[in-house]
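Report on the structure given below.
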Amino acid sequence: MAARLPIRILGTGTYLPETVRDNQYFVDYLDTSNEWILTRTGIRERRCAAKDEFTSTLAAKAGQQALDDAGLTIDDIDVIICGTATGDHGFPATATFVQAELGGRDIPSFDVGAACAGFLHAMMTGVGFLASGIYQRALVIGAEVLTRFAKNEDRSTVVLFGDGAGAAIIGKTDNPRQGILYADLGCDGSKANLITLPAGGSRLPASEMTVAERLHTLHMRGREVYKFAVNKMQELIDHALAETGLTPADLKLVIPHQSNLRIIESAREKMGLPREKVVVNIDRYGNTSAASVPMGLDEARRNGILQEGDLVLMVAIGAGLCWATMIMRL
Ligand code: ACO
């Protein structure tokens, strides 16, 4: 990316379901332990959506909070883009339900599918609209109800995931210091089969067999993804810093996707950053896929850790395998 893009964050929001599921929940029916989950992943607990909550419910609540934070209403928004891998339906897009829930009318509302990198892909899509002048303000959301797609009997995946949503409203800025200094999206489609929800699409439509074989649940070759992610995250951060001429010390905060505390810690140690400069929410929320980065961003803004003028680096890797990096001066 050659030039600064004059886009800023106008507001952020989060919604987390009330129900907390701790590690003991899994210890009670699976061959696992609190110690294994905590030391191998960093997860202590995660949130679970209530029966009457869907991905769009979570997304709309986070979106409303972002609107309130920005002092705007849905009528001020030109486009809604939702990053999710666990939408309400195969179609229509989850963003269409979000629009209805927020009382919006006629504005384009669609989803972006890039799994854990979904929020940053949605952000870049919104940034493209804004930078080209097509739209003035976008509501960008990362929302997931992953617990509903987990294979309950698979200890290597079911313990990992949680439900949640984070949202941001982006708009143009006239402040020459503010904006997006770096953005990079990518994907290695040859690794698409490492994390899949195999059935329910055109490749493998729903049938008695797909239900019996639990093919409507998430399947992941975790060790292979881990090896890829731990190296890729470092490569993405190094590249972003090299391209912008920044050092880790210039960053106020790094917000990495939360798939495994060991991946986050590895990146933090290589950057030589203290713990407080790298966001961790996996301990409380598990892997919330597209929601982890916007929830981290919102929490840091609300706590006053991130303020106007601060530099933040966001980075995510997920199914696809897809990745995304963004450096923004707030
Ligand atoms: N409790 C106890 N033992 C377990 C559990 C569990 N919950 N899960 C797995 N094990 C066992 C395995 O069976 C294995 O036993 P074995 O050696 O006897 O075969 C052993 O622990 C080690 O298993 P690994 O899979 O090698 O464990 P690893 O240390 O790699 O941790 C994990 C697994 C947490 C999944 C890790 O690989 C990981 O974090 N991967 C990356 C996940 C990721 O980045 N996903 C991307 C985003 S997901 C998305 O896009 C929706």
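Reckoned from all heavy atoms, side chains included, excluding hydrogens, waters and symmetry mates.
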| field | Inter-residue atom distance Leu30.CG - Arg155.CZ, 0.5 Å rounding | value |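 Taking CG in Leu30 and CZ in Arg155, the distance rounds to 8.5 Å.
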| Can you tell me how far CD1 of Ile255 sits from CD of Glu299, rounded to the nearest 0.5 angstrom? |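 If we round to the nearest 0.5 Å, Glu299:CD and Ile255:CD1 are 10.0 Å apart.
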Pair [X] + [Y], salt bridge at N-O below 4.0 Å:
X      : Y      : result
Arg275 : Glu265 : yes
Arg214 : Glu153 : yes
Glu269 : Arg262 : no

Among the clusters formed by ILVMFWY side chains lying less than 4.5 Å apart, do [X] and [Y] turn up in the same one?
X      : Y      : value
Phe54  : Val112 : no
Leu311 : Val315 : yes
Phe149 : Ile43  : no
Val278 : Leu261 : yes
Ile264 : Leu38  : no

Treating [X] as the side-chain partner and [Y] as the backbone partner, does any N or O pair qualify as donor plus acceptor under 3.5 Å?
X      : Y      : result
Asn303 : Ala300 : no
His89  : Gly87  : no
Lys252 : Ile305 : yes
Asp78  : Ala138 : no
Arg44  : Arg284 : no
His239 : Glu235 : no
Ser132 : Phe129 : yes
Thr125 : His121 : yes
Tyr29  : Asn152 : yes
Arg47  : Pro17  : yes

For residues [X] and [Y], determine if any side-chain heavy atom of one lies less than 4.5 Å from a side-chain heavy atom of the other.
X      : Y      : value
Arg8   : Asn175 : no
Phe228 : Leu321 : yes
Met328 : Leu181 : no
Met314 : Leu120 : yes
Met220 : Val225 : yes
Leu241 : Pro248 : yes

| task | With side chain to side chain contact (heavy atoms under 4.5 Å, CB included) as the test, would you mind laying out the steps for Trp36 and Phe26 before giving the verdict? | result | CA-CA 11 Å; Trp36 192 96; Phe26 301 102; over 6 Å; no
| Candidate pair Asn260 and Thr41, rule side-chain hydrogen bond (donor to acceptor under 3.5 Å, both in side chains), full reasoning | CA-CA 5 Å; Asn260 192 312; Thr41 72; over 6 Å; no
Is it true that atom [atom1] of [X] has more than 12 heavy atoms of other residues, nucleotides or ligands lying nearer than 6.0 Å?
X      : atom1 : value
Arg148 : CZ    : yes
Asp28  : CG    : yes
Glu35  : CD    : no

Members besides [X] in its Ile/Leu/Val/Met/Phe/Trp/Tyr cluster (side-chain heavy atoms under 4.5 Å):
X      : result
Met295 : Leu16, Tyr285
Leu215 : Leu204, Met209
Ile169 : Leu10, Leu67, Leu72, Ile74, Ile77, Ile80, Val98, Leu102, Ile107, Leu139, Ile141
Tyr15  : Leu58, Val145

| task | Please determine which of Thr94, Thr84, Thr55 meets the side chain to side chain donor-acceptor pair (under 3.5 Å) test together with Glu144. | result |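 Result for side chain to side chain donor-acceptor pair (under 3.5 Å) with Glu144: Thr84.
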| field | Qualifying residue, where the test is side chain to side chain donor-acceptor pair (under 3.5 Å) with Arg46 and the options are Asn287, Asn23, Thr288 | value |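 The side chain to side chain donor-acceptor pair (under 3.5 Å) with Arg46 is passed solely by Asn23 among Asn287, Asn23, Thr288.
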Of the non-hydrogen atoms in [X] and [Y], which two are nearest, and what is the gap between them?
X      : Y      : result
Ser289 : Ala115 : OG-C, 3.4 Å
Ile263 : Ala229 : CD1-CB, 3.8 Å
Asp188 : Lys191 : OD2-NZ, 2.8 Å

| query | Residues two or more places apart in sequence or in another chain: which of them pass side chain to side chain contact (heavy atoms under 4.5 Å, CB included) with Pro205? | reply |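 Side chain to side chain contact (heavy atoms under 4.5 Å, CB included) list for Pro205, sorted by chain: empty.
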If only side-chain N and O atoms count, and only distance matters, is there a donor-acceptor pair under 3.5 Å linking [Y] with [X]?
X      : Y      : answer
Gln258 : Ser292 : no
Arg302 : Gln65  : yes
Thr12  : Arg301 : yes
His216 : Thr210 : yes
Gln64  : Asp68  : yes

| Considering the options Ile237, Ile317, Leu313, which one meets the side-chain contact (heavy atoms from CB on, under 4.5 Å) requirement together with Thr325? |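 Single side-chain contact (heavy atoms from CB on, under 4.5 Å) partner of Thr325 among Ile237, Ile317, Leu313: Leu313.
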| Candidate list Val140, Ile170, Asp298, Thr173, test side-chain contact (heavy atoms from CB on, under 4.5 Å), partner Ile9, passing option |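 Single side-chain contact (heavy atoms from CB on, under 4.5 Å) partner of Ile9 among Val140, Ile170, Asp298, Thr173: Ile170.
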| message | Using the rule given for side chain to side chain contact (heavy atoms under 4.5 Å, CB included), can you reason through Lys277 versus Val254, listing the C-alpha separation, both sets of side-chain angles and the distance that settles it, and then say yes or no? | response | CA-CA 6 Å; Lys277 282 200 145 193; Val254 175; 6.0 Å; no
| field | Test: Arg223 cationic atom under 6.0 Å from Tyr226 six-membered ring centre, within 45° of axis | value |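 Geometry flag: not set, cation outside 6.0 Å or 45°.
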| message | Please determine whether side chain to side chain contact (heavy atoms under 4.5 Å, CB included) holds for the pair Leu251 and Val312, giving the CA-CA distance in whole Å, both sets of side-chain angles, and the decisive distance to 0.1 Å. | response | CA-CA 6 Å; Leu251 301 169; Val312 59; over 6 Å; no
Report all side-chain donor-acceptor pairs from residues 157-168 shorter than 3.5 Å, counting only partners two or more places apart or in another chain.
{"from": "Thr157", "atom 1": "OG1", "to": "Asp154", "atom 2": "OD2", "distance (Å)": "2.9"}
{"from": "Asp163", "atom 1": "OD1", "to": "Leu146", "atom 2": "N", "distance (Å)": "2.9"}
{"from": "Asp163", "atom 1": "OD1", "to": "Thr147", "atom 2": "N", "distance (Å)": "2.9"}
{"from": "Asp163", "atom 1": "OD1", "to": "Thr147", "atom 2": "OG1", "distance (Å)": "3.1"}
{"from": "Asp163", "atom 1": "OD2", "to": "Ala49", "atom 2": "N", "distance (Å)": "2.7"}
{"from": "Asp163", "atom 1": "OD2", "to": "Thr147", "atom 2": "OG1", "distance (Å)": "2.6"}

| Does the ring centre of Phe119 sit less than 6.0 Å away from the ring centre of His257? |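 Judged by ring-centre distance (under 6.0 Å), His257 and Phe119 do not meet the cut-off.
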| Derivation of the side chain to side chain contact (heavy atoms under 4.5 Å, CB included) call for Val127 and Ile180 | CA-CA 9 Å; Val127 165; Ile180 295 168; 3.3 Å; yes
